[in-house]
Peer 1: 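Once you've had a glance at the structure underneath, I'll fire off some questions.
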Protein chains: 2
Amino acid sequence: MASPTRAPRRVGAETSKTRDQLLDCVERLMLDKGYAAVTYRAVAARADVTSGLVQYYFPTLDDLFVAAIRRRGEQNLARVMAALEARADEPLRVLWEFSQEESIASLTTEFLALGNHRKSIRSEIADNTERVREVQLRAVEAKYGEHGIGDGSLSTTAFLFVLTGIPKLIRLEESVGASTAHADAMEAFERYLDALEPAKPAAPTRRKKRVR
Amino acid sequence: MASPTRAPRRVGAETSKTRDQLLDCVERLMLDKGYAAVTYRAVAARADVTSGLVQYYFPTLDDLFVAAIRRRGEQNLARVMAALEARADEPLRVLWEFSQEESIASLTTEFLALGNHRKSIRSEIADNTERVREVQLRAVEAKYGEHGIGDGSLSTTAFLFVLTGIPKLIRLEESVGASTAHADAMEAFERYLDALEPAKPAAPTRRKKRVR
DNA sequence: GTCTATACGGCGATAGAC
DNA sequence: GTCTATCGCCGTATAGAC
């Protein structure tokens with residue numbers, strides 16, 4: 001039998017160039033003014049089309065947000081995979097830097113907040129989060145093996161959670177005006193990374209001061 | 001000259017019992033369905049009053065949210081100060097447990113997301129964040145002194161940021177459906193805390209309320 | 001000081017016209 | 001494939017009743 005509540009609704013093709021441009025406008029709107037500013041009318045105004053056209057491609061706002069999350073998520077996944085491959089000798093540093101990138105962190109935070117109470121968006125974010133986590137884990141284990149990082153007090157999984165989570169947390173608080181402890185925390189992590197992944201891989205000097 | 005556009009607007013007294021009950025409804029609504037569900041009409045329906053009355057006490061939604069944040073913030077500050085005083089020998093454990101409390105973490109997260117793009121709400125959250133941070137810092141330094149915690153790789157400020165931030169981050173991700181790494185991270189921190197602040201001997205700790 | 005009634009424009013969403 | 005008309009809910013403002 002057919003789905004009972006699903007009414008046939010005409011929707012624009014996913015390959016449409018217009019559709020892609022609309023998603024660009026959505027991202028710009030979110031970065032500029034937050035997800036609350038993303039309305040059909042606002043997107044339409046920025047793209048210089050009618051709001052009806054936006055709704056033609058994205059029947060509900062949830063559809064719009066899910067599409068934006070998916071596009072950006074796949075894009076980020078590809079980028080982080082490429083970076084991890086290009087700098088396979090320092091995966092931690094790659095992930096640390098990646099987690100701090102302005103646009104990525106901001107959009108991630110924005111999507112996180114958005115999914116907080118938009119049920120239909122949760123699974124999309126969760127899927128993406130888990131997928132990224134797996135890629136990160138594989139790259140790090142390729143270098144550090146199963147025995148873990150540092151003194152072994154943290155599992156690799158937990159370590160990655162903290163490593164990528166701290167910048168997210170900092171950005172979240174920054175967006176709200178708090179700043180205490182941020183510089184301290186960043187600096188401490190950088191020192192820790194210096195110890196784990198020295199700047200120059202060609203010089204395996206053990207004279208580097210160890211910060212446990 | 002007088003303010004040009006500001007007309008005198010009548011607002012309900014802050015001592016009103018009705019006002020306090022409305023804020024209770026706001027908190028319950030936020031916990032149940034998120035801040036997006038907080039509308040004049042929804043609050044009014046839950047409190048069984050007219051939406052106009054809600055507006056009488058809180059002329060704009062921002063006023064409503066700011067009032068809710070302030071009330072809850074002062075309440076939490078008082079509670080954490082009391083707990084830190086009662087268990088001055090284990091401030092880290094107190095803060096760790098406090099950061100995990102369901103209602104506190106959820107509301108904090110909700111307010112954080114709310115302030116993300118509600119300008120008028122930011123300073124309220126930032127103020128509260130900094131105030132709590134200072135209380136935490138004082139309590140921890142009272143026990144651990146200026147030299148810091150553990151091996152000294154993290155400043156006390158940075159350590160507290162991570163200690164209280166990780167539970168927040170976990171809850172944020174949980175609310176979105178992700179769960180990888182959470183148990184690992186929690187367990188690792190608990191073990192670390194065990195080392196820093198060993199569980200009390202079998203002294204009759206009658207003050208601690210057993211949950212479940 | 002408390003509270004109600006009413007009105008306005010913007011919003012998401014739907015159905016259907018070009 | 002594109003766009004309009006329309007609906008009901010929203011925040012907000014105001015005037016006035018108790």
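Keep in mind the model is a prediction, meaning the values are calculated, not measured. In what follows, chains carry the letters A, B, and so on, assigned in the order in which the sequence lines appear, proteins first and then strands, with residues in each chain numbered from 1.
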Peer 1: Please check this pair: side chain of Glu124(B) against backbone of Ile69(B), looking for a donor-acceptor N/O pair closer than 3.5 Å.
Peer 2: no
Peer 1: For a quick test of reading the model: is some side-chain N or O of Tyr40(B) closer than 4.0 Å to OP1 or OP2 of dT12(D)?
Peer 2: yes
Peer 1: A quick test of your reading: do over 12 heavy atoms of other residues, nucleotides or ligands sit less than 6.0 Å from CE of Met186(A)?
Peer 2: yes
Peer 1: Using only heavy-atom distances, determine whether the side chains of Tyr57(B) and Ser16(B) contain a donor-acceptor pair under 3.5 Å.
Peer 2: yes
Peer 1: Could you please name the option among dA17(C), dT2(C), dA13(C) that lies closest to any side-chain atom of Ser16(B)?
Peer 2: dT2(C)
Peer 1: Return no unless some side-chain N or O of Tyr56(B) is found under 4.0 Å from OP1 or OP2 of dC3(C).
Peer 2: no
Peer 1: On the 0 to 90° scale, with breaks at 30° and 60°, tag the Phe189(A)-Trp96(A) ring pair as parallel, tilted or perpendicular.
Peer 2: parallel
Peer 1: Using the C1' atoms of the five pairs at each end, what is the angle between the end axes of the helix from dG1(C)-dC18(D) to dC18(C)-dG1(D), to 10°?
Peer 2: 0°
Peer 1: Of Arg41(A) and Leu53(A), whose nearest nucleotide on DNA chain D comes first from the 5' end?
Peer 2: Leu53(A)
Peer 1: Is a donor on one side and an acceptor on the other found under 3.5 Å between the side chain of Tyr144(A) and the backbone of Gly150(A)?
Peer 2: no
Peer 1: Going by number, which of residues 18-32 of chain A have a non-hydrogen atom under 4.0 Å from DNA chain C?
Peer 2: none
Peer 1: Report yes if a side-chain nitrogen or oxygen of Thr50(B) is closer than 4.0 Å to either non-bridging phosphate oxygen (OP1 or OP2) of dT4(C); otherwise report no.
Peer 2: yes
Peer 1: Contact class for Tyr57(A) (heavy atom, under 4.0 Å): base, sugar-phosphate, or nothing?
Peer 2: sugar-phosphate
Peer 1: Determine whether more than 12 heavy atoms belonging to other residues, nucleotides or ligands lie under 6.0 Å from atom CD of Glu85(A).
Peer 2: no
Peer 1: Please work out if Thr60(B) contacts a base, only the sugar-phosphate, or nothing of the nucleic acid, heavy-atom cut-off 4.0 Å.
Peer 2: sugar-phosphate
Peer 1: With a 4.0 Å cut-off on heavy atoms, is Val38(B) in touch with a base, just the backbone sugar-phosphate, or nothing at all?
Peer 2: sugar-phosphate
Peer 1: Look at atom CD of Gln21(B) and say whether more than 12 heavy atoms of other residues, nucleotides or ligands are closer to it than 6.0 Å.
Peer 2: yes
Peer 1: Starting at atom CG of Leu64(B), determine the distance to atom P of dC10(D), rounded to an integer number of angstrom.
Peer 2: 14 Å
Peer 1: Give one of base, sugar-phosphate or nothing for Gly12(B), where a contact means two heavy atoms less than 4.0 Å apart.
Peer 2: sugar-phosphate
Peer 1: Do other residues, nucleotides or ligands put more than 12 heavy atoms under 6.0 Å from the NZ atom of Lys143(A)?
Peer 2: yes
Peer 1: Which whole-number value in Å describes the distance from Gln55(A) CD to dG1(D) P?
Peer 2: 17 Å
Peer 1: May I ask you to check whether over 12 heavy atoms, not counting those of Arg71(A), lie within 6.0 Å of atom CZ?
Peer 2: yes
Peer 1: dT14(C), dC10(D), dG1(D): which one has an atom nearest the side-chain heavy atoms of Arg10(A)?
Peer 2: dG1(D)
Peer 1: Take atom CD of Glu14(A) and atom C1' of dG1(D), then tell me their distance rounded to the nearest Å.
Peer 2: 16 Å
Peer 1: Name the nucleic acid region contacted by Leu61(B), choosing base, sugar-phosphate or nothing; use a 4.0 angstrom heavy-atom cut-off, strictly under.
Peer 2: sugar-phosphate
